[in-house]
Amino acid sequence: MNAGGDGYGIIEDGAVAALDGRIAWVGRRAELPGGWCARIEHDCRGGWLTPGLIDCHTHLVYAGSRAGEFEQRLQGVSYEEIARAGGGIVSTVRATRAASEQELLRQSSRRLAALMAEGVTTVEIKSGYGLDTVTETRILRVARQLGLACATEVKTTFLGAHALPPEYAGRADDYISLVCEEMLPAIHAAGLADAVDAFCEGIGFTPEQTTRLFDKARALGLPVKLHADQLSDLGGAGLAAQHGALSADHLEYSSRASVEAMARAGTTAVLLPGAYYFLRETKLPPIAALRERDVPMALATDCNPGTSPCTSLLLMLNLACTLFRLTPAEALAGVTRHAARALGLQREAGRIAPGLRADLALWEIERPAELAYAFGANPCVGRYYAGTVAPVSA
Ligand code: NIG
Ligand code: FE
């Protein structure tokens, strides 16, 4: 499926040829070059093939649950109040620090399996529930192991600047020094981070602290991305764009000026309708401005225990259409080609085009809008990773 005039790039009665894990040819079956005809390996029986889906923003390696905080929020306590009272991210940090690598691997592979069952072939996984060098490293090692064990590409992101750990209470600048001078260099030297992220927010880190981290990341040659403008407008998306970020994520409170900066810098917008829904947010991300300035809009689960305890990327398509008014074609592009861009993988995945890795999902649907239309449904009937039939579970 390419970006065509119909918004989907539909090829009716199509065929895909793959060689050595890469797409070699795609087009109408009647036009399949002679050499390929002799070697038909999979008859998709009239199903629809899309690029393998890409979940470009998750925190899926963690331990414990925050169902108790969910109950508190239903009683009227806000997400920020819970965080300021020592719960929130920090409560997951306590559970994650206490969990063994084995246990983290066990809990996380179940989450990854649920994503794979919906045709996901690439997942981004962030750290951020360790907040010390040992645990951040453990989380990213687990993420790497998931990538080796499952037929799915895992891109890792170091999110040491996710929250202030209790042992640094009142000393946020010192914690950022630890992140920049100890954690990030160690994690980079171990080859465990493909990118660097931070939470720029009143309950997270200031734009100045974020800038220090970004400068360090860039000095190490690592791309950056940012949790920006989720609960208030600190100019995070604009800051991310100034640093040439791959993506700015959340964006509910982003200003027009930040959207302009993203457009100029080529920064992808990652929309997270699961967190919007689960926090009962009412301020919508600036969809019209993003559209107008042609900022690519990706969609992701944000799978995490506090704001989006969800392992369904298909559900995000439905939420993005019903809550954010994306079209089903925009939503599908958001979990394929735009999600690839958010990870810097646009020459590797996210489209069915020659030269890209042969990652595909096969659906039993009658038209592509069905992927966004039905919620709680899973019409995925096949998954191909690098050209081979891949399990739909871990
Ligand atoms: O993307 N906003 C910061 N990080 C996560 C939530 C983490 C948590 O509450 O555990 C998010 O929404
Ligand atoms: Fe997140």
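Both counts, for ligands and for their atoms, begin at 1 and track the order of listing.
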Once you round to the nearest 0.5 Å, how far does CG of Leu272 lie from CD of Glu281?
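If I round to the nearest 0.5 Å, the distance is 12.5 Å.
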
Classify the ring geometry between Phe205 and Tyr175 as parallel (under 30°), tilted (30 to 60°) or perpendicular (over 60°).
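It falls in the parallel class, under 30°.
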
Less than 6.0 angstrom from the centroid, inside 45 degrees of the normal: does Lys126 satisfy that with respect to the ring of Phe158?
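Here Lys126 fails the 6.0 Å and 45° test against Phe158.
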
Does Tyr79 have Arg280 sitting over its ring (NZ/CZ under 6.0 Å from centre, angle to axis within 45°)?
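Judged by the rule, Arg280 and Tyr79 form no cation-pi pair.
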
Any donor-acceptor N/O pair, Trp48 side chain to Trp363 backbone, under 3.5 Å
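No, Trp48 side chain to Trp363 backbone: no donor-acceptor pair under 3.5 Å.
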
Pair Leu226-Phe199, side chain to side chain contact (heavy atoms under 4.5 Å, CB included): steps then yes or no:
CA-CA 6 Å; Leu226 191 64; Phe199 185 25; over 6 Å; no

Taking 4.0 angstrom as the limit, do Arg106 and Glu103 come out as a salt bridge?
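Yes, Arg106 and Glu103 are salt-bridged.
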
Side chains of Thr301 and Thr311 in contact at under 4.5 Å (non-hydrogen atoms)
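Of all side-chain heavy-atom pairs linking Thr311 with Thr301, none is under 4.5 Å.
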
Would you call Leu317 and Pro273 a side-chain contact if the rule is heavy atoms closer than 4.5 Å?
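A side-chain contact is absent here, since even the closest heavy-atom pair is not under 4.5 Å.
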
Residue and atom, protein N/O/S, under 2.8 Å of the Fe ion (ligand 2):
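Near the Fe ion (ligand 2), below 2.8 Å, one finds His57 NE2, His59 NE2, His227 NE2, Asp302 OD1.
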
Pick from Arg66, Gln230, His250: the one approaching atom 2 (N) of ligand 1 most closely through a non-hydrogen atom:
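Among Arg66, Gln230, His250, the closest heavy atom to atom 2 (N) of ligand 1 comes from Gln230.
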
Close-contact set for ligand 1 against [X] heavy atoms, below 4.0 Å:
X      : value
Phe199 : 2 (N), 3 (C)
Tyr79  : 6 (C), 7 (C), 8 (C), 9 (O)
Thr307 : 6 (C), 9 (O), 11 (C), 12 (O)

Specify the protein heavy atom at minimum distance from [atom]: its residue, its atom name, and the distance to 0.1 Å.
atom                    : value
atom 4 (N) of ligand 1  : His162 NE2, 2.8 Å
atom 7 (C) of ligand 1  : Tyr129 OH, 3.2 Å
atom 11 (C) of ligand 1 : Asp302 OD2, 3.2 Å

Under 4.0 Å from ligand 1, counting heavy atoms only, is it the side chain of Glu201, its backbone, both or neither?
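Neither part.
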
Ring centers of Tyr384, His42 separated by less than 6.0 Å:
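Yes.
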
